**Q** 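Dropping a structure here in structure tokens format, bear with me for questions.
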Amino acid sequence: MGMRHWIGASALAFSLGLGGCADNEPAQTFPPADYSYLSQLHLNVATINIQDEAAPTPDSLSAKAPTPPDQALKQMANQRLVASGQTGQANFIIKQAYISAAGDNVISGAMDVQLNVADAGNLHTGYIHARISRKLDTGSKSATSRGSLYELTNQMMQDMNVELEFQIRKKLMSWMTDAIGNPLVNGGVQQQSLTAPGTVTTPTASTPATLTPASLSVQPQPSTAAAAQPSAPDAIFPTGSGDDSAPAVSAPKQKSPPMGTLQLPSTSQNASSGG
């Protein structure tokens with residue numbers, strides 16, 4: 001009887017073991033959440049606090065996921081949000097993060113985060129909300145398998161990374177800095193002049209002052225009329241054209257004829273002319 005009981009117990013244990021193997025999925029390894037390849041978001045605060053206020057839901061599958069949604073959000077905040085200021089603080093608050101069953105072979109999830117910023121005196125503040133939700137139809141795969149939960153978590157995190165950055169750049173742009181803490185607004189990169197350093201902007205190239213007719217420096221040129229004057233005096237106007245306003249042109253001096261050259265008219269000529 002002892003041998004028979006031992007064989008029966010062994011057979012029962014073996015059958016239970018097979019049943020357990022049938023329910024269990026094959027062993028898989030999943031890469032941990034990593035968002036370091038994405039651009040960092042630098043904020044003009046001295047510290048960033050991460051708070052998880054997400055309340056667990058009764059039918060939540062989050063705990064079974066290789067990376068639970070709230071843990072993925074914390075990793076994202078740690079790797080993407082950077083405090084680059086000297087004073088003030090930011091609070092990254094996880095309001096909601098879950099995965100739950102949504103029907104046959106369908107799972108759904110949602111994430112909701114809030115980012116609050118404030119200066120040292122709490123005089124200037126700002127905040128944003130980033131919310132996303134998603135469903136996954138696993139088809140023939142088990143909806144509650146670790147692989148399905150991992151896939152949905154990754155899809156939600158892709159959506160959240162886009163939404164978070166969009167909201168920060170839209171509503172908290174004045175709180176953003178570059179990697180060394182210079183504000184991106186009010187003296188930062190977006191406010192710098194488009195003109196290269198050392199460029200003279202006046203007068204502009206489109207209307208240079210030296211090209212306008214009034215500004216041209218015109219040197220007096222020699223008169224073409226004067227240049228065309230003949231070297232010999234004119235037979236009729238030896239001193240010019242007769243215009244009093246024109247400059248006088250000196251005619252060559254004429255010498256008196258030698259003595260004895262001039263002759264008086266003869267008396268016979270006078271007599272004949274008189275008759």
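What you are looking at is a predicted structure, and each value in this text was computed from that prediction instead of being measured. In this chain, numbering begins with 1 at the start of the sequence shown.
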**Q** Could you tell me which non-hydrogen atom of Leu43 sits nearest to which non-hydrogen atom of Ala90, and how far apart they are?
**A** CD1-CB, 4.3 Å
**Q** How long is the gap from CD1 on Ile132 to CG on Asp112, to the nearest 0.5 Å?
**A**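 These two atoms lie 9.5 Å from each other.
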**Q** Decide yes or no for Met173 and Leu184: does some side-chain heavy atom of the first lie under 4.5 Å from some side-chain heavy atom of the second?
**A**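 Side chain of Met173 against side chain of Leu184, heavy atoms only: contact under 4.5 Å found.
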**Q** Using 0.5 Å steps for rounding, measure from the CG atom of Leu73 to the CG atom of Asp52.
**A**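 Spacing of CG (Leu73) from CG (Asp52) equals 8.5 Å.
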**Q** I need the Asn78 CG to Ser36 OG distance, nearest 0.5 Å.
**A** 12.0 Å
**Q** Any non-hydrogen side-chain atom of Leu136 less than 4.5 Å from a side-chain atom of Val106?
**A**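 Contact flag for Leu136/Val106 side chains = no.
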**Q** Go through the steps for Thr144 and Leu149 under the test side-chain contact (heavy atoms from CB on, under 4.5 Å), then give the verdict.
**A** CA-CA 7 Å; Thr144 59; Leu149 299 175; 5.6 Å; no
**Q** Can you tell me how far apart CD (Gln51) and NZ (Lys74) are? Round to the nearest 0.5 Å.
**A** 11.0 Å
**Q** For the pair Asn49 (side chain) and Asn91 (backbone), establish whether a donor and an acceptor sit closer than 3.5 Å, ignoring hydrogens and angles.
**A**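 Not confirmed, Asn49 side chain does not pair with Asn91 backbone.
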**Q** Taking all non-hydrogen atoms of both residues, which atom of Ala46 and which atom of Gln86 are closest, and how far apart?
**A**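 The answer is CB-O, 3.5 Å.
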**Q** Tell me, do Tyr127 and Leu115 make a side-chain contact under 4.5 Å, heavy atoms counted?
**A** no
**Q** For Pro31, does its backbone N or O pair with a side-chain atom of Tyr150 as donor and acceptor, under 3.5 Å?
**A** yes
**Q** Say you draw a straight line from CG of Leu172 to CD1 of Ile128; how long is it, rounded to the nearest 0.5 Å?
**A**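 Between atom CG of Leu172 and atom CD1 of Ile128 there are 6.0 Å.
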**Q** For a 4.5 angstrom cut-off between non-hydrogen side-chain atoms, does Lys141 reach Glu151?
**A**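 Yes, their side chains come closer than 4.5 Å.
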**Q** Taking all non-hydrogen atoms of both residues, which atom of Met156 and which atom of Ala110 are closest, and how far apart?
**A** SD-N, 3.5 Å
**Q** If only side-chain N and O atoms count, and only distance matters, is there a donor-acceptor pair under 3.5 Å linking Arg134 with Gln155?
**A**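 Yes, because at least one side-chain N or O of Gln155 sits under 3.5 Å from a partner of the opposite role on Arg134.
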**Q** Above 12 or not: heavy atoms from other molecules or residues under 6.0 Å from NE2 of His129?
**A**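 Atom NE2 in His129 is crowded, with more than 12 foreign heavy atoms closer than 6.0 Å.
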**Q** Spell out, yes or no, whether Ile50 and Leu164 are grouped together once hydrophobic residues are joined by side-chain heavy atoms under 4.5 Å, including indirect joins.
**A** yes
**Q** Are any of the side-chain heavy atoms of Met111 and Gln96 separated by less than 4.5 Å?
**A**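 Counting from C-beta outward, Met111 and Gln96 never come under 4.5 Å.
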**Q** Check whether the side chains of Asn116 and Gln114 place a donor and an acceptor atom closer than 3.5 Å, and report yes or no.
**A**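 Note: Asn116 and Gln114 side chains meet the donor-acceptor criterion.
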**Q** Could you walk me through whether Arg169 and Leu41 satisfy the side-chain contact (heavy atoms from CB on, under 4.5 Å) test, starting with their C-alpha distance in whole Å, then the side-chain angles of each, then the deciding distance to 0.1 Å, before giving a yes or no?
**A** CA-CA 9 Å; Arg169 293 188 180 277; Leu41 303 172; 4.0 Å; yes
**Q** Short question: side chain of Arg80, backbone of Ser39 - any donor-acceptor pair under 3.5 Å?
**A** yes
**Q** Can Leu38 be reached from Met160 by stepping across I, L, V, M, F, W or Y side chains whose heavy atoms are under 4.5 Å apart?
**A** yes
**Q** Would you check, one step at a time, whether the test side-chain contact (heavy atoms from CB on, under 4.5 Å) holds for Asn122 with Thr125?
**A** CA-CA 6 Å; Asn122 207 37; Thr125 62; 3.5 Å; yes
**Q** In terms of side-chain heavy atoms, does Gln167 have a donor or acceptor partner in Glu163 at a distance below 3.5 Å?
**A**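 Glu163 and Gln167 do have a side-chain donor-acceptor pair below 3.5 Å.
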**Q** Testing the basics here: between Ser148 and Thr138, what is the closest heavy-atom pair and its distance to 0.1 Å?
**A** OG-CG2, 3.4 Å
**Q** Ignoring hydrogens and angles, tell me if any N or O in the side chain of Ser62 forms a donor-acceptor pair with the backbone of Ile99 under 3.5 Å.
**A**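 Yes.
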**Q** Is it true that a side-chain atom of Asn44 and a backbone atom of Met176 form a donor plus acceptor pair closer than 3.5 Å?
**A** no
**Q** Using atom types as modelled and distance alone, determine if a side-chain donor or acceptor of Asn182 lies under 3.5 Å from a backbone N or O of Asp178.
**A** no
**Q** Is there a continuous path of hydrophobic side-chain contacts, each under 4.5 Å between heavy atoms, that joins Ile48 to Met76?
**A** yes
**Q** Rounded to the nearest 0.5 Å, what separates atom OG in Ser108 from atom CG in Leu61?
**A**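 Rounded to the nearest 0.5 Å, the OG-CG separation comes out at 9.0 Å.
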**Q** List the atom of Asp119, the atom of Trp175, and the distance in Å for their closest heavy-atom pair.
**A**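 Looking at all heavy atoms of both residues, the closest pair is N-CH2, 3.5 Å.
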**Q** Go through the steps for Tyr35 and Met157 under the test side-chain contact (heavy atoms from CB on, under 4.5 Å), then give the verdict.
**A** CA-CA 9 Å; Tyr35 309 102; Met157 287 305 301; 3.2 Å; yes
**Q** For Ile94 and Val113, work out which heavy atoms get closest and say how close.
**A** CA-CG1, 4.3 Å
**Q** Just by distance, no angles: are the side chains of Gln79 and Asp34 close enough, under 3.5 Å, to form a donor-acceptor pair?
**A** yes
